[in-house]
2 protein chains.
Amino acid sequence: MKHESFHESAEMYLKTASELAGENTPTPIAALAGRLGVSAVSATEMVHRLQEQGLLAHQPYRGISLTAAGQQLADEVVRRHRLWECFLYERLGLPWHEVHDHACRLEHATTPAVTEALDAFLGHPAACPHGNPIDGQAGEPAERLLSELPVGGTAVLVRVHPESEGLLCYLAELDLLPGRRITLREIAPYQGPMVLQTDVGVRYIGREAAAHVHIRLLTEEPA
Amino acid sequence: MKHESFHESAEMYLKTASELAGENTPTPIAALAGRLGVSAVSATEMVHRLQEQGLLAHQPYRGISLTAAGQQLADEVVRRHRLWECFLYERLGLPWHEVHDHACRLEHATTPAVTEALDAFLGHPAACPHGNPIDGQAGEPAERLLSELPVGGTAVLVRVHPESEGLLCYLAELDLLPGRRITLREIAPYQGPMVLQTDVGVRYIGREAAAHVHIRLLTEEPA
DNA sequence: CACTAATATAAGGTTGGCCCAAAAACCGGG
DNA sequence: CCCGGTTTTTGGGCCAACCTTATATTAGTG
């Protein structure tokens, strides 16, 4: 229903492809389509167009993967996005869970000159307010997911990825922000919620949400 | 050639209509089309669409004028534009003549929350770097155009409007920025350039460019 | 090895933004 | 008051991004 320009649309496809590439490669087109809220047919069309431009490679019935050029473009979009998040959160004082959506709109309207000037203005920040690195998605080496934290283990919340307004809002309500120290007390049976002990109280979180929360493990066992 | 989303396109039409409304009302569609770099046919179509949405009124063979709703929308776009210009110039340190174009892209991707937060962050500035007021285009009452300054008269440069990258670049080279004190020495014959005495030296400027430079008259005659 | 679920393609539609060329309406000067 | 030039409108098309509804193809599994 909403029509985006090629520029914008292409950037969204590449950004999303880059996000999903971390999980499984090559990424099935259906996953792309789902994330973008678009039919599989539309996604296939766009993938072909992007392939013709040498931005991604499509192996039929396998999925897609970004070419070097496509990855670079995606990285640039992500960088702009995160720089805007920093600005909106740190300087404008907008809520932690809202800056993602605002940045999603600004990222496509940002020229290189503005990007560089913004980066300098912010003092070349290393990460966005949700903990994601601004240059490359190298990430910490020993990073794990909260959903894989063993019972009794203690960890520090490093980053939330991939982000979405709803998820961030949920985490903000639970005070689960980057830097928060977390110990997993137990996991309720039948895929129930995880019971977390944090420095600001006990919190319950579903497995699915926890799969978006990246942590650095401190100890596997209770002290 | 380039395709903009409805949102963006509509905002550009309204913004431009608002700019041109100052000169002659109702504004001929051809003027709109020319300014937007679009054929008269395309402009007519868009005007119809905007009319259906109650944003502007079209009197056939007369021209268009903004409705209250349309004027309000246009004012909002202009406000966002000028706030971004302030930010880009004052905070990011981008060149005076470049911020217009960057702001043109950002203005359509800016949500109300961001607009208000940005306004507060900038300390509710009264005018953009080119001197145009941010709230409403009330303007100073006794404002005139540089092109109408009588020979021997002295004035202060108040604002540049309407803006365009080329024009701003030209003025920046001449050091003709808001606040600059100008005395018109003479006008070369045959529609020749105006010879200006400024506090930073003598400058020559064409009549057409001067028609975009708004001034506040200090004295009609030399002291 | 055949079958099913995932994936791809084909066909046909919609909408929005743009274009050109040609017809129609208007306006001002003779 | 009519004629010519400008403006607007109409008709006819193009393209990109989306959609749905089939129909093929294929990969992995029983």
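Residue numbers begin at 1 in each chain, while the letters A, B, ... track the order of the sequences. No hydrogens, no waters, no symmetry mates; every other heavy atom, side chains included, goes into these values.
- Under 4.0 angstrom from either OP1 or OP2 of D:dT8 there lies no side-chain N or O belonging to B:H48.
- At the heavy-atom level, B:G63 lies nowhere under 4.0 Å from the strands shown.
- Look at CD on A:Q59: it is 15 Å from P on D:dT26, rounded to the nearest Å.
- At least one side-chain heavy atom of B:R159 sits under 4.5 Å from a side-chain heavy atom of B:P133.
- Following rounding to the nearest Å, A:E45 (CD) and D:dC19 (C1') show an atom-to-atom distance of 9 Å.
- Nearest nucleotide to the A:V41 side chain, out of C:dG17, D:dT8, D:dC19: D:dC19.
- One interatomic measurement links the two molecules: OH of A:Y13 to P of D:dA16, which rounds to 15 Å at whole-angstrom precision.
- The CD-P distance, from B:E11 to C:dG17, rounds to 12 Å in whole Å.
- Here the side chains of B:L176 and B:L196 are in contact, with some heavy-atom distance below 4.5 Å.
- Side-chain contact of A:H108 with A:E8: a donor-acceptor pair under 3.5 Å is absent, judged by distance alone.
- Nearest nucleotide to the A:V38 side chain, out of D:dT9, D:dC18, D:dA17: D:dC18.
- A sub-4.0 Å separation between OP1 or OP2 of D:dC19 and a side-chain N or O of A:S42 is present.
- Rounding to the nearest 0.5 Å gives a distance of 9.5 Å between CG of B:L167 and NE2 of B:H130.
- When rounded to the nearest whole Å, the span between CG of A:L36 and P of D:dA17 equals 13 Å.
- Phosphate proximity of C:dC19 to B:S39: present, with a side-chain N or O under 4.0 Å from OP1 or OP2.
- Going from atom CG of A:L32 over to atom C1' of C:dT7 covers 14 Å, rounded to whole Å.
- The side chain of B:Y61 sits closest to D:dT8 out of D:dA24, D:dT8, C:dG17.
- Across the protein-nucleic acid pair, B:L50 atom CG and C:dG16 atom C1' stand 12 Å apart, rounded to whole Å.
- Both A:R62 and B:P60 lie close to DNA chain D; mapped to their nearest nucleotides by heavy-atom distance, the more 5′-ward contact belongs to B:P60.
- Atom C1' of nucleotide C:dG16 and atom CE of B:M12 are separated by 17 Å, given to the nearest angstrom.
- Taking the side chain of B:H58 as heavy atoms from C-beta on, and the options C:dC18, D:dT8, C:dA8, the nearest nucleotide is D:dT8.
- Side-chain contact between A:P150 and A:L184 is absent, with no heavy atoms from C-beta onward closer than 4.5 Å.
- Contact annotation: A:T44 side-chain N/O to C:dT9 OP1/OP2 distance is not under 4.0 Å.
- A:A40 comes within contact range of no nucleotide atom at all, as no heavy-atom separation falls under 4.0 Å.
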